[in-house]
Amino acid sequence: MKVGQITYRVHAVERMFERGITTADVRTVVEHGKPIEDYSADTLYPSQLILGWIAKRPVHVVAAFDAAQDAVIGITAYEPDPAQWADQFRRRVV
C-alpha cells in the first residue's frame with residue numbers, strides 16, 4: 001500500500017532511535033510488509049502489526065490508520081525476539 005506522510009508518536013521515535021530503525025525502514029514495512037495482527041478496536045484509530053524485512057532483518061511496525069485524514073501514524077517499531085515469535089516472525093509463541 002502506498003502511503004503519504006507518516007506521523008510518529010514520540011514513543012515510536014525514541015524506540016526507533018534506540019533500535020537503529022529509520023523512518024525509511026518504517027515506510028518500507030508499512031508499504032510492502034504483511035499485516036500479521038489486526039487491532040481494529042484500538043482507540044483513537046484502528047491499527048495493525050505489520051511484518052517487513054529490511055535486508056535480512058525482520059522488523060515489526062505497529063501503525064494506526066486515520067481513514068478520515070488518509071493518514072498513517074507510527075506507534076512503534078522493533079526487531080521481533082525469535083523466542084517470542086514463530087513462523088518467520090508471523091505468529092506469537094503462546
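- Note on I75 and F89: same hydrophobic cluster, where clusters join Ile, Leu, Val, Met, Phe, Trp and Tyr whose side-chain heavy atoms are under 4.5 Å apart, directly or indirectly.
- In this structure, CE in M16 is found 7.0 Å from CD1 in I21, a value given to the nearest 0.5 Å.
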side-chain contact (heavy atoms from CB on, under 4.5 Å), that's the test. Do L51 and R90 meet it? Break it down for me. CA-CA 7 Å; L51 167 64; R90 289 184 179 93; 3.7 Å; yes
Would you please test R91 and W85 for side-chain contact (heavy atoms from CB on, under 4.5 Å) and show each step? CA-CA 6 Å; R91 186 174 46 82; W85 292 89; 5.5 Å; no
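- Nearest heavy-atom pair, P80 versus P58, reported as atom, atom and distance to 0.1 Å: CD-O, 3.4 Å.
- Shortest non-hydrogen contact noted between R57 and G20 is NH1-O, 3.2 Å.
- A single hydrophobic cluster is not seen to contain both Y45 and Y8; linkage of ILVMFWY side chains at heavy-atom distances under 4.5 Å, directly or through other members, places them apart.
- With rounding to the nearest 0.5 Å, the separation of CD1 in I73 from CG in L44 is 8.0 Å.
- S47 and A64 get closest at one heavy-atom pair: CB-CA, 3.7 Å.
- Closest heavy-atom contact between V26 and A77: CG2-CB, 4.1 Å.
- The shortest heavy-atom contact between V72 and V3 is CG2-CG1, 3.7 Å.
- D70 CG: 12 or fewer foreign heavy atoms inside a 6.0 Å radius.
- Hydrophobic clustering (side-chain heavy atoms under 4.5 Å, transitive across Ile, Leu, Val, Met, Phe, Trp, Tyr) groups I54 together with I50.
- In the hydrophobic cluster analysis, where Ile, Leu, Val, Met, Phe, Trp and Tyr join through side-chain heavy atoms closer than 4.5 angstrom, V30 is grouped apart from Y39.
- Annotation for I6 and G74: closest pair CG2-N, 3.9 Å, computed over non-hydrogen atoms.
- We find that R19 and E79 are not joined by a salt bridge, their nearest charged nitrogen and carboxylate oxygen being 4.0 Å or further apart.
- Here the NE2 atom belonging to H60 is positioned 10.5 Å from the CD atom belonging to Q84, to the nearest 0.5 angstrom.
- The environment of Q88 atom CD is sparse: at most 12 non-hydrogen atoms of other residues, nucleotides or ligands sit within 6.0 angstrom.
- Environment of CD in Q5: sparse, with no more than 12 heavy atoms of neighbouring residues, nucleotides or ligands closer than 6.0 Å.
- Side-chain atoms of D25 and T22 form a donor-acceptor pair, as typed in the model, at a separation below 3.5 Å.
- For the atom pair CZ of R92 and CG of D87, the computed distance is 14.0 Å after rounding to the nearest 0.5 Å.
- In the hydrophobic clustering of ILVMFWY residues, with side-chain heavy atoms under 4.5 Å counting as a link, I36 and Y78 come out together.
- Between H32 and W53, the ring centre distance reaches or exceeds 6.0 Å.
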